[in-house]
Amino acid sequence: MSESRPMSIPVLPWMRNPVDVEHFNECPLVLVPRLDPRLAEALQKMGITSLFSVQVAMWMETIGPGAFERDICVNSPTGSGKTLAYALPIVQILSTQKIRCLRALVVLPTRDLALQVKEVFDAIAPAVGLSVGIAVGQSFIADEVTKLITQPRLDMISIFDPEDWRQTKLQSSVDILVATPGRLMDHINTTKGFSLEHLRYLVVDETDRLLREAYQSWLPAVIQLSCSKGLSLFKEPAIVPSMLNSLTTIRRVGVERGFKDKSYPRLVKLMMSATLTQDPSKLSQLCLHHPLLLTSGDRRYKLPEKLEAYKIICESKLKPLYLVVLLQDLIGEKSIVFTSSVESTHRLSKLLNLFGELPCKIREYSSFQHQFVRSKRLKAFREGKIEVLIASDAMTRGMDVEGVKNVINYDMPSYVKAFVHRAGRTARAGHKGRCFTLLRKDEVTLPIYFLLLIYIFKVYSIYVANISLPFYFNSTVKYKLWSRYRDKRIQNESNTKGKRKILKLRHPIQI
Ligand SMILES: Nc1ncnc2c1ncn2[C@@H]1O[C@H](COP(=O)(O)OP(=O)(O)OP(=O)(O)O)[C@@H](O)[C@H]1O
């Protein structure tokens with residue numbers, strides 16, 4: 001898809017020698033060393049028969065010789081299986097200690113994403129006797145408290161003594177908690193018995209987005225509350241070389257320069273994103289210990305292997321018509337149409353439904369709707385009852401919907417990251433997918449001085465978190481001619497009802 005280019009932007013020292021997960025081949029479950037048979041069975045029930053590269057690499061750095069010694073940052077493409085890459089080793093290692101208390105916390109930016117990740121944990125954790133909880137906004141906190149904290153049992157005849165109640169140490173009834181930052185802080189500040197003192201693993205999924213958005217400083221609170229001085233409640237099982245059998249790790253085992261004799265914090269941090277930030281000021285908030293970076297290939301952002309990217313050049317005022325023609329051609333396939341804002345999502349959805357000629361169900365998915373409506377629409381989209389979702393960027397990062405064949409950028413994303421996450425809603429888990437981007441002429445050919453400016457900025461800047469899409473698009477994303485559209489013409493016909501006005505294009509649609 002894109003030629004490889006060495007990282008030319010100065011980055012933190014530990015980011016300069018990443019482990020390339022592409023060194024690890026996909027590994028059948030039967031060959032995954034030390035995988036708990038009960039987990040293997042649970043994975044097979046999910047239809048999973050082998051682990052992807054990033055999952056194998058994570059396994060080596062956690063269950064293998066890496067032995068969770070270091071904090072791990074994963075920057076691997078969308079749809080490459082990052083969720084299971086962290087969920088599997090955490091569930092396996094927690095299952096080796098028979099004790100019920102909150103030991104793993106997974107934080108995600110949105111409620112829908114948290115619900116999606118909880119489903120993955122629910123599919124594997126119970127198989128090894130672990131309990132998973134959820135803490136997300138827009139649901140009753142009281143309901144969550146009853147599920148997260150073991151309330152002392154008061155039998156019918158005992159006389160209730162408030163002193164007794166206070167003496168009874170409220171216990172966590174979950175081992176793993178999946179949460180959004182806002183609701184997590186609610187529990188930290190108000191829920192009796194909610195404690196992070198035994199926390200061992202902190203996963204920050206969609207790290208760059210979470211670090212960009214300030215949420216009542218949840219991160220320092222979690223790090224501070226979980227680093228209790230006391231000895232850890234439980235010791236990790238010592239790993240003797242014989243247990244490692246075929247487990248290998250790309251990097252040298254053992255502590256590298258600068259970390260000798262440093263005590264290992266109990267809290268292991270796992271950072272996951274397809275567009276991991278390189279901003280030192282943001283990464284410093286994580287207080288990473290001896291961090292290891294896992295990437296895929298040597299490009300900063302990588303699109304899924306089987307993604308086909310197309311651009312359609314058209315005038316702004318004709319965009320709705322081009323979109324209609326495109327959707328007519330993609331009938332029967334699940335598509336997500338992205339716009340640049342919640343308002344334009346709302347307008348475009350209204351317009352397409354007013355048009356009424358498209359034989360497919362089109363719905364809006366944005367923060368204009370209440371969470372309940374959004375969850376219902378997402379469920380209908382997963383089930384195929386809705387074929388086209390008109391969405392804004394905020395709603396879809398990380399969203400994993402099986403069978404999405406097409407992503408259409410109705411408005412050009414302003415940053416490469418947005419393009420990567422939008423396009424990443426398709427071509428997931430090694431499947432094929434297509435990404436169409438409607439561009440105006442001026443959005444395609446950047447004035448030469450602007451290209452020069454970007455180049456200079458890239459060469460001398462400390463880090464270029466977001467370069468503008470046209471430059472990236474033209475210089476790296478290869479696109480193919482969408483032949484079916486090359487000689488497509490839209491006839492100029494307006495019917496009496498005025499419902500439909502199709503303009504004749506002065507020239508065939510150029511791609
Ligand atoms: N080993 C596997 N074998 C088959 N399918 C898998 C495997 N691991 C994950 N998947 C599937 O791949 C899809 C993408 O997984 P996941 O959502 O974890 O990707 P991701 O890297 O987190 O993507 P994003 O960056 O968009 O969040 C999911 O539908 C998941 O069920």
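Whatever order the structure lists ligands and atoms in, that order sets their numbers, starting from 1. Residue indices begin at 1 and follow the sequence shown.
Numbered from 1 in the order shown, with element, the atoms of ligand 1 that lie under 4.0 Å from a heavy atom of R425 read 26 (O). Those atoms of ligand 1 with a heavy atom of T83 less than 4.0 angstrom away are 16 (P), 17 (O), 18 (O), 22 (O). Close approach of ligand 1 to S50 is summarised as follows: ligand atoms under 4.0 Å from at least one heavy atom of the residue are 1 (N), 2 (C), 3 (N).
Between E402 and ligand 1 there is no heavy-atom distance shorter than 4.0 Å. Under a 4.0 angstrom heavy-atom cut-off, E206 registers as being in contact with ligand 1. A heavy-atom separation below 4.0 Å is not found between R397 and ligand 1. At least one heavy atom of P77 sits less than 4.0 Å from an atom of ligand 1.
For ligand 1, one of its N or O atoms has an N or O atom of G79 under 3.5 Å away. Annotation: G81 places an N or O atom under 3.5 Å from an N or O atom of ligand 1; distance criterion only. Inclusion of T78 in the set of residues having an N or O under 3.5 Å from an N or O of ligand 1 is not warranted. Remark: ligand 1 and Q116 share no N or O pair separated by less than 3.5 Å (distance only, no angle test).
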Note to self: K282 vs D208, test: salt bridge (Lys or Arg N to Asp or Glu O under 4.0 Å). Steps then yes/no.
What the structure shows: CA-CA 8 Å; K282 291 208 175 69; D208 56 310; over 6 Å; no
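Between the E61 side chain and the I72 main chain, no donor and acceptor come within less than 3.5 Å of each other. Proximity of a side-chain donor or acceptor of K82 to a complementary backbone N or O of P77 within less than 3.5 Å is detected. With hydrogens and angles ignored, the 3.5 Å screen pairs no side-chain donor or acceptor of T339 with any backbone N or O of S392.
Interatomic distance, L102 CG to R200 CZ, rounded to the nearest 0.5 Å: 13.0 Å.
Taking the charged nitrogens against the carboxylate oxygens, E383 and K379 do have a contact shorter than 4.0 Å, which makes a salt bridge.
At a distance under 4.0 Å, a protein heavy atom can be found next to atom 8 (N) of ligand 1.
With sequence neighbours excluded, the residues that form a salt bridge (Lys or Arg N to Asp or Glu O under 4.0 Å) with E144 are R183.
When hydrogens are left out, the protein atom nearest atom 30 (C) of ligand 1 is D400 OD2, 4.4 Å; that is the closest non-hydrogen contact. For atom 17 (O) of ligand 1, the closest non-hydrogen atom on the protein side is R428 NH2, 3.0 Å. Among all protein heavy atoms, the one lying closest to atom 10 (N) of ligand 1 is F52 CE1, 3.9 Å. Considering only non-hydrogen protein atoms, atom 25 (O) of ligand 1 sits nearest to K82 NZ, 2.7 Å. Closest to atom 11 (C) of ligand 1 among all protein heavy atoms lies A429 CB, 3.9 Å.
A cation-pi arrangement is found for K334 relative to F381, the charged atom lying closer than 6.0 Å to the ring centre and inside a 45° cone about the ring normal.
Looking only at side-chain heavy atoms (C-beta outward), V56 and M60 come within less than 4.5 Å of each other. Annotation: side chain of S296 is not in contact with side chain of V54 (no heavy-atom distance under 4.5 Å). For the pair K269 and I223, the minimum side-chain heavy-atom distance is below 4.5 Å. Residues L84 and F52 fail the side-chain proximity criterion, which asks for heavy atoms closer than 4.5 Å.
The side chain of Q55, and not its backbone, has at least one atom closer than 4.0 Å to an atom of ligand 1 (non-hydrogen atoms only; side chain from C-beta on).
Proximity annotation for atom 27 (O) of ligand 1: of S53, G398, G424, G398 comes nearest, heavy atoms only.
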